[in-house]
Chemist: 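The structure's right below; bear with me while I get my questions together.
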Amino acid sequence: MSGQRTITQPSDARGSGETPYRGRWLALSVLVLAVLLVAVDATVLGLATPFLSEDLRPSGTQLLWIGDIYSFVIAGLLVSMGSLGDRIGRKRLLLGGAVAFGAVSVLNAYASSPEMMIAARALLGVAGATLMPSTLALIRNLFHDPRERSLAIGIWGAMASAGAAVGPVVGGFLLENYWWGSVFLINLPVMAVLVLVGVKLLPESRDPSPGPWDLLSVVLSMAGIVGVVYAVKEGATHGISAEIAIAAVVGLTALAWFVRRQLRLPAPLLDMRLFRNRGFSAAVLADLLTVLGLSGMVFFLSQFLQLVQDRDPLEAGLAELPAAVGAVTAGLLAGQAARRWSVRSVVGGGLAAIGVALAVIATLRTDTSYPLLGAVLLVVGVGAGFSFTVTADVILSSVPKEQAGAASAVSETAYELGAALGIALLGSIVTGVYRDFAVPAGVPAGPAADAHESLGGAVEAAMTLPADAGSALLSSAQHAFVDGLRLASAVGAVVLLGTAVAAWFLLRGQRLEDSADIEH
């Protein structure tokens, strides 16, 4: 943009004598607004689910689609958008995507059917895919000194966690005073500030020699990831069928073609040689498996607090605060801790802590007291803050600056793909166990069918029945939901503990840079 400094291939502050971008910390404050926006949007949906279910009446499958279509689309487009930002400018992509994100949020707020809501969430995913890679890539190009960059990444991660905390609290307030669509409209003022301030404060940066943007690679990337994730999701929910098998074959074929094409193109959409770096590959894998193991708990915890323990939305939001507090604190300390001890100690230890916390959740009961739940959430937050911050630092440190957008996109793709697969697999475990609960005698077929669709449906069905029958139906549904949540948490614990062991070996010898004179 005219009048703004453009960073094409910045040199390290001490490595070349170039003065760092003076407004880098103010620019960071704009970038974390985008992170805050995405984090808030992800968490308020879980809180709004019971209200959305009451109004739109989605089936259990539609409810899962509403929950994970956003992640599916983002996962499919992140690599393409990250590469596009490297080519046209990360600031331009970020601000354009922010405007689109705000506009599509209005569509989400006023969705009038499950199908419309699913479509609106998909469009929000398209806009969201422009935001996260751009923020991390700009951090990579703004902060040349590795220690400053570690702190900036820690702040970036801390704001993501703060958004996870602010979302439920603000969302809870809105849900108690307004209709569920208001939780999406809170995006608009944040968007306005981001765009108006970002135009002035953010410097432009891009790859100085990017080559053409290969549209066939974009299509292959989207088709491959969405095809595979769709097959996993539908297969976990409904079992294997011809349609699911075709989707899996198409997805895997597209991904294989994508990789083959990237290795042959002179200017690939994604440089597959990045994966030859053991630290880069290990960090990406750790992110994917960690989010996969965590996502089922995160998605269903708000429903547990509201529909099982009968907390109001604001109380449920406040109950989840310990996780955010732990993540913010750990994120700010993560870079220092990894330099003092080691990358593998901090990442492996953080993942092991999350695994132990999930194992404790596997003992959950409908009447579990809050102090235990709050302590578990605090441990989850601390573990996530340490592991995610350090893996993001490892990923960005492993690549040349001109490829920061593509590398950031790989990092975010792992995160979103893990979230989508986690909701699909662990969510299907919860849903599968829940749907098998025994309906008490005397409950008519109509309310029984509604109750089997979702826990929100069971709450609504119980209100239409006589007190005794309604109470018995709701109790049976709640116990089944908790049984499913326990089983999903146990699976998540196994995944996280296994990932901790893998990270310990794969990140052996990996370290964060200490000085600014290391070039790739």
Chemist: What heavy-atom pair brings Ile244 and Ala231 nearest, and what distance separates the two atoms?
Modeler: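 Closest heavy-atom pair between Ile244 and Ala231: CG2-O, 3.5 Å.
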Chemist: With sequence neighbours excluded, what pairs up with Asn277 under the side chain to side chain donor-acceptor pair (under 3.5 Å) test?
Modeler: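 Not a single residue meets the side chain to side chain donor-acceptor pair (under 3.5 Å) criterion with Asn277.
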Chemist: Are side-chain heavy atoms of Asp214 and Val218 found at a separation under 4.5 Å?
Modeler: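 Asp214 does not reach Val218 side chain to side chain.
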Chemist: Val104: what forms a side chain to side chain contact (heavy atoms under 4.5 Å, CB included) with it, not counting sequence neighbours?
Modeler: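 Testing Val104 for side chain to side chain contact (heavy atoms under 4.5 Å, CB included), a comparison that skips the adjacent residues, returns Asn108, Leu123, Leu124.
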Chemist: With rounding to the nearest 0.5 Å, note down the distance linking CG in Leu151 to CZ in Phe143.
Modeler: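 Rounded to the nearest 0.5 Å, the CG-CZ separation comes to 8.0 Å.
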Chemist: Given 3.5 Å as the limit, does a donor-acceptor pair link the side chain of Arg90 with the main chain of Leu138, or not?
Modeler: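 Flag not set: sc Arg90 to bb Leu138 has no pair under 3.5 Å.
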Chemist: Determine the minimum heavy-atom distance between Val199 and Lys91, stating which atoms define it.
Modeler: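 Distance-wise, the nearest heavy atoms are O-NZ, 2.9 Å.
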Chemist: Work out which heavy atom in Val195 is nearest to a heavy atom in Ala98; give both atom names and the distance.
Modeler: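 Closest pair (atom of Val195, atom of Ala98, distance): CG2-CB, 3.9 Å.
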Chemist: Between Arg121 and Phe184, is the side-chain contact (heavy atoms from CB on, under 4.5 Å) condition met? List the steps.
Modeler: CA-CA 11 Å; Arg121 291 289 292 169; Phe184 294 104; 3.6 Å; yes
Chemist: Leu301 versus Leu377: any side-chain heavy-atom pair under 4.5 Å?
Modeler: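 Yes, close enough: below the 4.5 Å cut-off.
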Chemist: Could you pull out all residues at least two apart from Arg273 that satisfy salt bridge (charged side-chain N to carboxylate O under 4.0 Å, His left out)?
Modeler: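 Counting only residues at least two positions away or on another chain, Arg273 forms a salt bridge (charged side-chain N to carboxylate O under 4.0 Å, His left out) with Asp271.
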Chemist: Return the CG to OG distance between Leu426 and Ser489, rounded to the nearest 0.5 Å.
Modeler: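 Here the interatomic distance stands at 8.0 Å.
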Chemist: Give me each pair satisfying ring pair (Phe, Tyr, Trp, His ring centres under 6.0 Å) with a member in residues 259-289, each pair once, sequence neighbours excluded.
Modeler: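 Output for this query lists Phe275-Phe280.
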Chemist: Yes or no on side-chain contact (heavy atoms from CB on, under 4.5 Å) for Val379 and Val360, after CA distance, side-chain angles and deciding distance?
Modeler: CA-CA 11 Å; Val379 172; Val360 173; over 6 Å; no
Chemist: For Ala330, which residues count as a side chain to side chain contact (heavy atoms under 4.5 Å, CB included) partner, sequence neighbours excluded?
Modeler: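 Checked Ala330 against side chain to side chain contact (heavy atoms under 4.5 Å, CB included); matches are Val382, Phe386.
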Chemist: So which pairs with a foot in residues 382-394 pass side chain to side chain donor-acceptor pair (under 3.5 Å), sequence neighbours left out?
Modeler: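 Only Ser150-Asp393, Asp287-Thr391, Asp393-Ser397 qualify under side chain to side chain donor-acceptor pair (under 3.5 Å).
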Chemist: Would you please name every residue forming a side chain to side chain donor-acceptor pair (under 3.5 Å) with Ser342, sequence neighbours left out?
Modeler: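 With neighbours one apart ignored, the set is Ser345.
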Chemist: How close do Ala122 and Ile69 get, counting heavy atoms only, and between which atoms?
Modeler: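 Distance-wise, the nearest heavy atoms are CB-CG1, 3.9 Å.
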Chemist: If the condition is salt bridge (charged side-chain N to carboxylate O under 4.0 Å, His left out), which residues does Arg344 pass it with, not counting sequence neighbours?
Modeler: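 Testing Arg344 for salt bridge (charged side-chain N to carboxylate O under 4.0 Å, His left out), a comparison that skips the adjacent residues, returns none.
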Chemist: Looking at residues at least two apart in the chain, or sitting in another chain, which of them share a side chain to side chain contact (heavy atoms under 4.5 Å, CB included) with Ala223?
Modeler: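 With sequence neighbours excluded, Ala223 shows a side chain to side chain contact (heavy atoms under 4.5 Å, CB included) to Ala254, given in chain and number order.
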Chemist: Quick check against the 3.5 Å criterion: does Arg278 have a side-chain atom that pairs as donor or acceptor with the backbone of Leu506?
Modeler: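 Indeed, once roles are kept as given, a pair shorter than 3.5 Å links the two residues.
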Chemist: Taking the side chain as everything from C-beta on, heavy atoms only, tell me whether Leu265 gets closer than 4.5 Å to Ser217.
Modeler: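 Heavy-atom side-chain distance check passes, below 4.5 Å.
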Chemist: Suppose we screen for ring-ring contact (aromatic ring centres under 6.0 Å, His included). Which residues come up paired with Phe388, at least two apart in sequence or across chains?
Modeler: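 For Phe388 the ring-ring contact (aromatic ring centres under 6.0 Å, His included) partners, ignoring immediate neighbours, are Tyr415.
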Chemist: Mind checking whether Met222 and Val226 have side chains closer than 4.5 Å, heavy atoms only?
Modeler: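 The answer is yes; the side chains approach within 4.5 Å.
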Chemist: Look up atom CD1 in Ile153 and atom CG in Leu28, then write down how far apart they are to the nearest 0.5 Å.
Modeler: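 Spacing of CD1 (Ile153) from CG (Leu28) equals 10.0 Å.
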Chemist: Ignoring hydrogens, what is the shortest heavy-atom contact between Val390 and Ala338? Give both atom names and the distance.
Modeler: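 So the minimum-distance heavy-atom pair works out to CG2-CB, 4.1 Å.
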Chemist: Does some side-chain heavy atom of Leu94 sit less than 4.5 Å from a side-chain heavy atom of Leu131?
Modeler: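 They are in contact (side-chain heavy atoms under 4.5 Å apart), so the answer is yes.
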Chemist: Using side-chain heavy atoms (C-beta onward) and a distance below 4.5 Å, is Glu148 in contact with Trp25?
Modeler: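 Touching, per the 4.5 Å side-chain cut-off.
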Chemist: So how far is it from Leu263 CG to Met272 CE, rounded to the nearest 0.5 Å?
Modeler: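 One gets 6.5 Å once the value is rounded to the nearest 0.5 Å.
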Chemist: To check you understand the geometry: which heavy-atom pair defines the closest contact between Gly484 and Val430, and what is its length?
Modeler: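 Result for this residue pair: O-CG2, 3.6 Å.
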Chemist: Using the test side chain to side chain contact (heavy atoms under 4.5 Å, CB included), find all partners of Thr499 that sit at least two apart in sequence or belong to another chain.
Modeler: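 So Thr499 forms a side chain to side chain contact (heavy atoms under 4.5 Å, CB included) with Ala286, Leu289, Thr290, Leu351, Val495.
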Chemist: Once salt bridge (charged side-chain N to carboxylate O under 4.0 Å, His left out) is applied, what residue pairs with a partner in residues 249-259 remain, sequence neighbours excluded?
Modeler: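 Residue pairs with at least one partner in residues 249-259: there are none.
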Chemist: Begin from the C-alpha positions of Thr130 and Phe101 and carry the test side-chain contact (heavy atoms from CB on, under 4.5 Å) through to its verdict.
Modeler: CA-CA 9 Å; Thr130 69; Phe101 198 93; over 6 Å; no
Chemist: For the atom pair CG (Leu95) and CE (Met191), what is the distance rounded to the nearest 0.5 Å?
Modeler: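 Rounded to the nearest 0.5 Å, the CG-CE separation comes out at 8.5 Å.
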Chemist: If I take atom CD1 from residue Ile225 and atom CZ from residue Phe258, how far apart are they, to the nearest 0.5 angstrom?
Modeler: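 CZ of Phe258 is found 7.5 Å from CD1 of Ile225.
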